[in-house]
Amino acid sequence: MIHQLRDWRASEGERWIFVAKAMLAAFSALWLAFRLGLDSPNTAMTTTFILALPSSGMVLEKAFYRLLGTLVGCTSALLIVAIFPQQPVALFLALALWIGLCTAGAAMHRNQQSYSFVLAGYTACMIAVPAIDHPTTVFTLAVTRVTEVGLGVICAAVVHDVLFPRHQSRQVMRTVQARYDSFIAFCQQTLEHSLSPAQIELHHLRFAADIAALESGRAAAFFEAAHARAHTRQLHAFNNAFMSALTTCYTLHRLLRRLRAHPPSPVLALIEPLHATVAAALREDLSGARMEHVRATLARQAAQAQAQAALLKPERAQRIAFDTALELLDRFVRDIGAFAALYHGLTQQRQMQVSDPVAYSPRTPTGIVLASGVRAAGALLAGATLWYWLAWPYAAGAIIMTAIFCALASSSPRPVAMIRQVMAGFLLAWPLSFLCEYLLVVRASGYPMLVLAALPVFALGSYLTTDPKRAGVGLGLTMFAAQVIAPLNQMQYDGAAFLSNTLAMPVGVALAWAIFAVLLPEHTMGQKDHIAAALWREALAICKGALFRRKHRFDHRVRDLLSQLNAAAGPAPGAPARAVVRQGLTLLELGHSVIEMRQLIAASEAGPVRNALALCVDQLAAYFRAPNRASSAAVQYAVLQAGPPIREALAEATPARQVRLRTALTDLHSIYTSLLDQMPQVPGDTNHAA
């Protein structure tokens with residue numbers, strides 16, 4: 001019985017606790033708004049529903065950015081109305097420009113910071129549009145809006161952070177543990193050749209989404225009192241170590257797959273025992289002592305394999321592939337060791353000295369950002385035109401709803417589906433709100449009876465938001481009901497006004513849906529063509545500019561783009577999406593090689609090695625700028641020409657420089673084989689190696 005209660009508490013019980021907290025926050029805000037005599041108590045109530053999120057950290061984070069966005073939006077509304085008083089055309093043009101800029105900013109950031117941009121945009125509309133005919137009331141509207149939103153923020157933050165709180169920091173640690181377990185299992189399966197290429201691509205796509213999710217959770221945990229700055233640095237380092245190990249794992253997998261191709265390489269039998277050693281080590285706890293033992297064992301086996309390879313006397317290309325495999329395997333073990341050390345430091349709550357890591361920073365392709373701004377501005381102007389043409393007094397509400405959902409959907413990978421879900425919530429709430437308002441609320445005497453009358457509708461909406469598949473329906477239901485059921489201080493029951501006001505809300509949402517379906521429908525978050533083009537731009541950018549932290553920033557950009565692709569592709573990405581993933585992983589591999597070669601160029605004196613590597617980087621930049629057979633052939637030729645001078649310099653180099661030169665040879669071979677895999681040679685070509 002106790003076990004069953006615990007299971008219920010962890011699943012269905014958690015959902016009902018969330019509903020109870022949402023109801024307490026909502027009706028507390030409504031009661032306080034009545035006591036304070038605010039003009040629109042339903043605004044405070046609506047705020048609590050918008051801020052009802054699974055963890056206290058997420059609530060506090062969104063509350064902060066909602067309040068910030070409201071302040072900025074109200075200030076901008078005051079300025080716009082002051083500059084264009086009683087000039088509707090100029091005012092709507094200024095509002096369209098403002099909401100377009102804010103929506104573009106929201107699309108660019110794609111995190112809770114983007115919510116501030118969304119709020120700043122549509123809050124200006126909510127203040128300025130009702131003040132078109134009465135500009136002297138704009139200051140009162142702005143102050144009232146800030147007060148009501150602030151009251152809802154306080155109630156939501158207090159309830160969700162005090163009563164049965166779910167701390168985001170604990171959820172972050174569960175995410176870290178799940179990431180570690182899944183990645184170690186993935187590496188083990190990769191080394192044992194138990195995953196198909198398509199499965200590996202899907203794993204990389206989901207890992208990219210995991211990286212973004214961990215950063216989002218860390219940002220929310222930052223607002224909790226128990227979160228420390230040192231913990232933030234360790235999480236950043238954990239993400240960076242994960243991306244480095246993931247890239248090395250893919251490069252190693254691609255090389256092994258090439259060696260196993262027909263006809264198989266004779267040196268493959270020398271490499272497989274080393275992979276088996278690493279795969280066996282991944283089944284055990286990767287403590288520091290264990291990793292030292294693995295590295296020692298691997299070094300001993302590598303020396304034996306090199307001695308056997310000398311007796312076999314393989315071809316030059318096979319020998320270079322063999323040396324590259326040993327170098328990549330050693331790099332992979334180092335990366336896994338660093339990743340495991342950071343994981344154990346986080347789980348054991350040890351303070352670790354880490355270099356100042358690069359924070360994960362999302363970036364949306366420019367075309368999508370601009371399209372989001374244009375779409376939001378166009379939606380507002382279209383709504384204003386319909387208002388003028390129809391002369392419908394309640395059209396202002398439709399315009400505001402259009403502005404709200406064009407801004408909110410701009411950061412969604414599937415905006416049409418999101419708006420459709422909200423519309424379903426509105427249509428469900430329409431008859432429920434009418435029945436609740438005119439059969440129950442109208443008969444309620446006193447605040448307790450009002451709560452009992454309205455509670456079923458709001459509880460249903462909050463419960464639906466706990467289901468990821470129906471969250472949009474629940475949000476639409478609660479937003480609609482909060483606007484029409486929650487009474488004002490001086491309530492008037494007018495059936496005709498109720499129908500007109502409630503009709504305006506779904507009309508506004510329908511207009512937002514039409515805008516997304518008609519205006520630039522291919523320019524949405526995560527669209528594969530935009531992601532593919534952005535990947536090539538990121539690869540080109542690493543061929544120039546400062547090298548400081550370039551590798552981590554490049555990793556972040558590529559993984560973030562793949563995360564956007566994953567969100568848009570859904571649970572079952574098709575062949576076109578997987579093709580973009582393959583392209584992204586190849587560019588990631590090439591980019592790492594470019595960065596390492598540029599670092600060697602910067603540390604080398606003028607001479608054949610530096611000139612050869614510089615030519616390779618220049619040819620790769622030309623390839624990234626215009627990927628075709630000619631540019632690929634030019635890179636391959638430059639790589640082949642760079643190998644001999646590096647091997648000559650290797651014999652006389654110092655031990656430290658030898659390490660860098662061997663890394664350069666590994667990078668050259670990786671570049672060459674990547675290009676061969678991406679753009680196969682015509683029949684009859686002979687295989688070469690750098």
Side-chain angles (χ1 to χ4, degrees), residues 19-20 22-52 126 130 144-145 148-149 151-152 155-156 392-401 404-405 421-465 470 472-510:
V19 171
M23 295 301 99
L24 179 60
F27 287 107
S28 297
L30 184 64
W31 181 80
L32 288 172
F34 283 147
R35 297 290 294 175
L36 295 174
L38 300 182
D39 293 338
S40 301
N42 52 12
T43 300
M45 189 181 204
T46 303
T47 297
T48 64
F49 287 125
I50 293 174
L51 297 181
M126 298 180 74
T144 302
R145 175 74 183 178
E148 292 162 351
V149 169
L151 177 60
C155 290
W392 182 29
Y394 293 91
I399 292 175
I400 292 172
M401 281 294 158
I404 289 174
F405 285 99
Q421 271 209 346
V422 174
M423 174 65 82
F426 274 32
L427 296 178
L428 175 62
W430 202 345
L432 293 178
S433 298
F434 182 85
L435 295 174
C436 181
E437 179 84 358
Y438 288 95
L439 293 182
L440 300 177
V441 174
V442 70
R443 293 184 170 89
S445 57
Y447 190 74
M449 296 303 297
L450 170 65
V451 172
L452 291 176
L455 184 62
V457 175
F458 290 116
L460 173 62
S462 295
Y463 183 79
L464 289 176
T465 60
R470 299 179 179 84
V473 177
L475 178 64
L477 195 158
T478 52
M479 286 184 63
F480 187 99
Q483 293 298 312
V484 300
I485 291 179
L488 305 175
N489 276 308
Q490 294 182 350
M491 191 63 189
Q492 295 180 354
Y493 292 95
D494 185 342
F498 177 92
L499 292 176
S500 297
N501 185 40
T502 52
L503 176 63
M505 296 171 68
V507 166
V509 178

Next item on the list: Return the minimal non-hydrogen interatomic distance between A156 and T48, and the atom names on each side.
Entry: CB-CA, 4.2 Å
Next item on the list: Enter the distance from L464:CG to Q421:CD here, rounded to the nearest 0.5 Å.
Entry: 10.0 Å
Check: What's the spacing between W31 CH2 and Y447 OH if we round to 0.5 Å?
Finding: 9.0 Å
Notebook entry, point to check: Of the non-hydrogen atoms in N42 and A482, which two are nearest, and what is the gap between them?
Noted result: CB-O, 3.0 Å
Under 3.5 Å, sequence neighbours excluded: what are the donor-acceptor pairs made by side chains of residues 423-432?
{"unit_1": "W430", "atom_1": "NE1", "unit_2": "T502", "atom_2": "OG1", "d": "3.0"}

Notebook entry, point to check: Rounded to the nearest 0.5 Å, how far does CE of M45 lie from CG of L151?
Noted result: 12.0 Å
Item checked: Result of checking V441, L435, V442 against L439 for side chain to side chain contact (heavy atoms under 4.5 Å, CB included) -> L435
Note to self: Quick check: closest heavy atoms across A453 and C436, and the distance to 0.1 Å?
What the structure shows: O-SG, 3.3 Å
Note to self: Could you check whether any side-chain heavy atom of L450 comes within less than 4.5 Å of a side-chain heavy atom of F34, counting everything from C-beta outward?
What the structure shows: yes
Item checked: Shortest non-hydrogen contact between C155 and S28, atoms and distance -> SG-C, 4.2 Å
Next item on the list: Could you tell me the separation between the CZ atom of R470 and the OG1 atom of T465, rounded to the nearest 0.5 Å?
Entry: 12.5 Å
Margin query: Looking only at the side chains, is there a donor atom on one of T47 and E148 sitting less than 3.5 Å from an acceptor on the other?
Written below: no
Next item on the list: Measure the CG-CD1 distance between L455 and I485 for me, rounded to the nearest 0.5 Å.
Entry: 11.0 Å
Next item on the list: Might you work through the side chain to side chain contact (heavy atoms under 4.5 Å, CB included) test for V422 and M479, ending with a clear yes or no?
Entry: CA-CA 9 Å; V422 174; M479 286 184 63; 5.8 Å; no
Margin query: If I compare all heavy atoms of V507 with all of A398, which pair ends up nearest, and what's the gap?
Written below: CG1-CB, 4.3 Å
Checklist line | Euclidean distance, L477 CG relative to F49 CZ, rounded to 0.5 Å | finding: 9.5 Å
Next item on the list: Please name the pair of heavy atoms, one in T478 and one in L475, separated by the smallest distance, quoted to 0.1 Å.
Entry: OG1-O, 3.0 Å
